[in-house]
Amino acid sequence: MNEEIAISFQRSGIFLFLLPMADGLSLLLIAFQEEEPVPKLSVNIDHVATLRQARRGKHPDPIGAAVIAELAGADGIIVHLREDRRHIQDRDLELLRKVIKTKLNLEMANAEEIMQIALKVKPDLVTFVPERRAELTTEGGLDVLANRNSLRKNISRLKKAGIPSSLFIDPDSLQVKASKQVGAQFVEIHTGKYCDAPDEESRRKELQRIARAIQQARRIGLRVNVGHGLDYQNVCPLTDIPGIEEYSIGHSIISRAVLLGLERAVREMKSLIQS
Ligand code: PXP
């Protein structure tokens with residue numbers, strides 16, 4: 001394990017008990033260590049919907065993608081219902097709620113229209129993300145401090161409906177602390193800066209920031225997911241960091257699927273044409 005990032009946070013301790021026995025007092029020593037969570041993979045299928053929306057048609061259907069991802073071992077399915085509906089549509093969310101057998105994580109802006117939908121659809125987790133209409137994808141983490149009143153209120157509304165909340169934040173100690181204060185059960189640590197780091201030194205620093213944020217979050221009782229920009233190379237060093245409950249990955253998985261599935265798709269069409 002990389003020593004620089006292996007900041008151990010496991011809760012552990014030793015209890016000593018003095019037990020009265022027939023021949024005097026006996027010392028009983030109990031040591032405990034909290035179990036490390038086994039990391040899970042939740043697959044973000046927004047990009048399947050992006051491809052469909054390019055023609056405003058029916059294909060490819062993100063519902064089919066969700067089912068295949070589950071069959072391949074995904075522990076959860078993630079969609080971002082954006083206010084501008086650029087990819088995932090309301091119909092997708094409603095169908096996914098009915099069809100998928102793992103967990104549904106709804107990424108959403110802290111906005112009343114989408115709150116109403118979340119309360120109706122009841123995903124297994126809501127991840128609040130910042131949303132700007134002009135952005136290509138979610139760019140930075142949430143500013144929990146600046147939005148603490150409305151986040152606290154909406155997290156509490158979701159909690160009353162039995163839906164836990166996660167906040168997508170940069171690996172920043174003030175944001176981690178604020179996430180706990182507003183009542184979130186999870187944080188999702190934004191890995192984008194680490195993934196985009198231009199050189200080895202800045203990548204190493206970003207990895208350290210992520211490891212520290214995870215350690216802090218776990219210490220104050222938050223559960224931790226990570227995501228954004230992760231691919232088949234840059235995910236590996238993260239697996240050395242203890243405390244990550246779930247990886248949220250979309251673009252790299254769907255991109256790989258497009259290439260690996262292309263050969264079969266071409267063969268099938270050619271054989272149809274020539275049959
Ligand atoms: N987590 C959050 C909060 C996101 O907004 C996204 C992108 O939709 C992801 C994870 C997945 O990022 P990527 O598609 O780069 O794997």
Side-chain angles (χ1 to χ4, degrees), residues 39-53 60 62 65-66 69 74-89 92-93 96 103-111 114 118 123-144 147 151 155 164-172 175-176 179 184-197 206 210 213-214 217 222-239 244-259:
K40 297 194 167 83
L41 170 66
S42 274
V43 178
N44 181 314
I45 54 169
D46 292 350
H47 294 290
V48 178
T50 299
L51 197 52
R52 177 191 59 192
Q53 294 311 105
D75 301 293
I77 300 298
I78 306 180
V79 287
H80 183 173
L81 184 70
R82 294 184 77 106
E83 290 178 274
D84 63 11
R85 306 298 198 275
R86 70 171 69 158
H87 40 52
I88 291 295
Q89 306 296 306
D92 300 331
L93 186 63
L96 284 170
K103 286 190 323 176
L104 178 61
N105 178 350
L106 172 62
E107 287 178 12
M108 55 178 253
N110 182 25
I114 311 285
D124 299 290
L125 181 67
V126 159
T127 301
F128 284 103
V129 298
E131 202 175 295
R132 284 208 310 271
R133 281 182 189 250
E135 68 193 356
L136 285 179
T137 177
T138 316
E139 281 167 1
L142 266 179
D143 190 344
V144 183
N147 297 288
L151 281 169
I155 288 170
S165 298
S166 178
L167 301 178
F168 182 57
I169 55 168
D170 290 326
D172 174 307
Q175 299 295 344
V176 173
S179 300
Q185 290 96 323
F186 289 79
V187 282
E188 182 180 325
I189 302 294
H190 193 335
T191 49
K193 261 201 173 157
Y194 154 70
C195 296
D196 293 340
E206 288 303 327
I210 292 171
I214 294 172
L222 289 163
R223 295 167 70 179
V224 180
N225 301 332
V226 293
H228 212 286
L230 295 173
D231 63 27
Y232 291 81
Q233 280 79 42
N234 64 25
V235 76
C236 296
L238 276 177
T239 62
I244 298 173
E245 192 156 328
E246 190 166 290
Y247 291 75
S248 162
I249 307 182
H251 190 262
S252 63
I253 293 178
I254 302 305
S255 304
R256 198 173 181 91
V258 169
L259 293 189

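Counting starts at 1 for both ligands and their atoms, following the listed order. Below, all heavy atoms of this structure are taken into account, side chains as well, without hydrogens, waters or symmetry copies.
Remark: distances from the non-hydrogen atoms of Glu188 to ligand 1 include one below 4.0 Å. For the pair Ser252 and ligand 1, no heavy-atom separation below 4.0 Å is found. Residue contacts with ligand 1: Val129 is included, with a non-hydrogen atom under 4.0 Å away.
Under 4.0 angstrom from ligand 1, the non-hydrogen atoms of Glu107 all belong to its side chain.
Inclusion of His80 in the set of residues having an N or O under 3.5 Å from an N or O of ligand 1 is not warranted. For ligand 1, one of its N or O atoms has an N or O atom of Gly250 under 3.5 Å away.
Note: Asn110 CG to Leu142 CG = 7.5 Å, rounded to the nearest 0.5 Å. A distance of 7.5 Å separates OG in Ser252 from CG in Asn234, rounded to the nearest 0.5 Å. With rounding to the nearest 0.5 angstrom, the CZ atom of Phe128 is 11.0 Å from the CD1 atom of Ile114. How far CG of Leu106 is from NE2 of His80: 8.0 Å, rounded to the nearest 0.5 Å.
Every atom of ligand 1 is numbered from 1 in the order shown, and the set under 4.0 Å from a heavy atom of Asn44 is 8 (O). Near Ile249, with a cut-off below 4.0 Å to any heavy atom, the atoms of ligand 1 are 16 (O). Ligand 1 places these atoms under 4.0 Å from at least one heavy atom of Gly229: 12 (O), 13 (P), 15 (O), 16 (O).
Counting heavy atoms from C-beta outward, Gln89 and Gln53 have side chains that approach closer than 4.5 Å. Side-chain contact between Lys103 and Glu246 is present, with at least one heavy-atom pair separated by less than 4.5 Å.
Between Ile189 and the options Asp170, Leu238, Ile169, a side-chain contact (heavy atoms from CB on, under 4.5 Å) holds for only Ile169.
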